[in-house]
A.B. asks: 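One structure coming up, written as structure tokens, with questions to follow.
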Amino acid sequence: MQSTISNYYGRLVLKSRFETVEDQRIKILPSFDKNGYCQRCRQRAVCSLPDQEYFCTVCLKMGRNSSLNCFWHAEDIRGKKQESCLNWNGQLTRQQQKVSNEIIASINNKENRLI
């Protein structure tokens, strides 16, 4: 089955590291970075396989990402920016604005806050 580049726009598609790329615009990325962190979930929880290979135990439910795999990725160059559908043209109440300001201050100060 022939894949088109649009199948890879902005995605990390898990492939066998022995598969070849048909389209030169598709980048091949390692499944783990040089420090052993999974490129998909950014965790470092691995389980050993034979021959010094290993796989990520954190994102196992999304398909086994092992050091035998790689990710195929293509930059999304379609150029069409979508407008956010999360626009709101209202006004907060005084109490809502106070809480909103406190939340923003917590984020800026890198503080934990229960919401």
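Small disclaimer: the values here were computed from a predicted structure and weren't measured.
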A.B. asks: With sequence neighbours left out, which residue pairs that include part of residues 29-60 fulfil the ring-ring contact (aromatic ring centres under 6.0 Å, His included) condition?
C.D. replies: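 Checked against ring-ring contact (aromatic ring centres under 6.0 Å, His included) - neighbours excluded - the pairs reaching residues 29-60 are F32-Y54.
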A.B. asks: Please enumerate all residues that pass side-chain contact (heavy atoms from CB on, under 4.5 Å) together with T20, with sequence neighbours excluded.
C.D. replies: none
A.B. asks: Hey, does E75 have a side-chain heavy atom less than 4.5 Å from the side chain of Y8?
C.D. replies: no
A.B. asks: Using links of under 4.5 Å between side-chain heavy atoms of ILVMFWY residues, direct or through other members, which residues join I103 in one cluster?
C.D. replies: V99, I107, I115
A.B. asks: Does anything in residues 95-115 pair up under ring-ring contact (aromatic ring centres under 6.0 Å, His included), and if so which pairs, sequence neighbours excluded?
C.D. replies: none
A.B. asks: Would you say N35 has more than 12 foreign heavy atoms packed within less than 6.0 Å of its CG?
C.D. replies: yes
A.B. asks: Taking the side chain as C-beta and beyond, is there a heavy-atom pair between S31 and S66 under 4.5 Å?
C.D. replies: no
A.B. asks: Got a sec, which hydrophobics cluster with L14, joining ILVMFWY side chains under 4.5 Å apart, including via others?
C.D. replies: L12, L29, F71
A.B. asks: Flag the pair T57 / R64 as yes when at least one side-chain heavy-atom distance between them is below 4.5 Å, and no otherwise.
C.D. replies: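 They are not in side-chain contact.
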A.B. asks: What residues, two or more places apart in sequence or in another chain, satisfy side-chain hydrogen bond (donor to acceptor under 3.5 Å, both in side chains) together with R113?
C.D. replies: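 Partners of R113 by the side-chain hydrogen bond (donor to acceptor under 3.5 Å, both in side chains) criterion, ordered by chain and then number, come out as S106.
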A.B. asks: Test: salt bridge (charged side-chain N to carboxylate O under 4.0 Å, His left out). Region: residues 28-49. Which pairs qualify, not counting sequence neighbours?
C.D. replies: D33-R42
A.B. asks: List for me each residue that meets side-chain contact (heavy atoms from CB on, under 4.5 Å) alongside N109, sequence neighbours excluded, and say none if there are none.
C.D. replies: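 For N109, the residues satisfying side-chain contact (heavy atoms from CB on, under 4.5 Å) (neighbours in sequence not counted) are A105, E111.
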A.B. asks: State, with a plain yes or no, whether a side-chain heavy atom of K98 is found less than 4.5 Å away from one of N101.
C.D. replies: no
A.B. asks: Apart from W88 itself, which Ile, Leu, Val, Met, Phe, Trp or Tyr residues share its cluster (side-chain heavy atoms under 4.5 Å, direct or through members)?
C.D. replies: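 Besides W88, the cluster holds L92.
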A.B. asks: Are any non-hydrogen side-chain atoms of V58 and C38 less than 4.5 angstrom apart?
C.D. replies: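 Contact flag for V58/C38 side chains = no.
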A.B. asks: Taking N69 for its side chain and N65 for its backbone only, find out whether a donor-acceptor pair lies under 3.5 Å.
C.D. replies: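 No.
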A.B. asks: Got a sec, which residues hit side-chain hydrogen bond (donor to acceptor under 3.5 Å, both in side chains) with K27, two or more places apart in sequence or on another chain?
C.D. replies: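 Partners of K27 by the side-chain hydrogen bond (donor to acceptor under 3.5 Å, both in side chains) criterion come out as none, since no residue qualifies.
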A.B. asks: Could you note down all residue pairs passing salt bridge (charged side-chain N to carboxylate O under 4.0 Å, His left out) where residues 48-62 supplies at least one of them, sequence neighbours left out?
C.D. replies: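 Salt bridge (charged side-chain N to carboxylate O under 4.0 Å, His left out) check on residues 48-62 returns R17-E53.
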A.B. asks: First locate atom CD of Q95, then atom OG of S100, and finally report the distance between them rounded to the nearest 0.5 Å.
C.D. replies: 13.0 Å
A.B. asks: What's the spacing between H73 NE2 and R25 CZ if we round to 0.5 Å?
C.D. replies: 13.0 Å
A.B. asks: According to a 4.5 Å side-chain heavy-atom criterion applied to Ile, Leu, Val, Met, Phe, Trp and Tyr, with indirect links allowed, do I28 and L68 form part of one hydrophobic cluster?
C.D. replies: no
A.B. asks: Only counting residues at least two apart or in another chain, list the ones meeting side-chain hydrogen bond (donor to acceptor under 3.5 Å, both in side chains) with E19.
C.D. replies: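 Here no residue qualifies.
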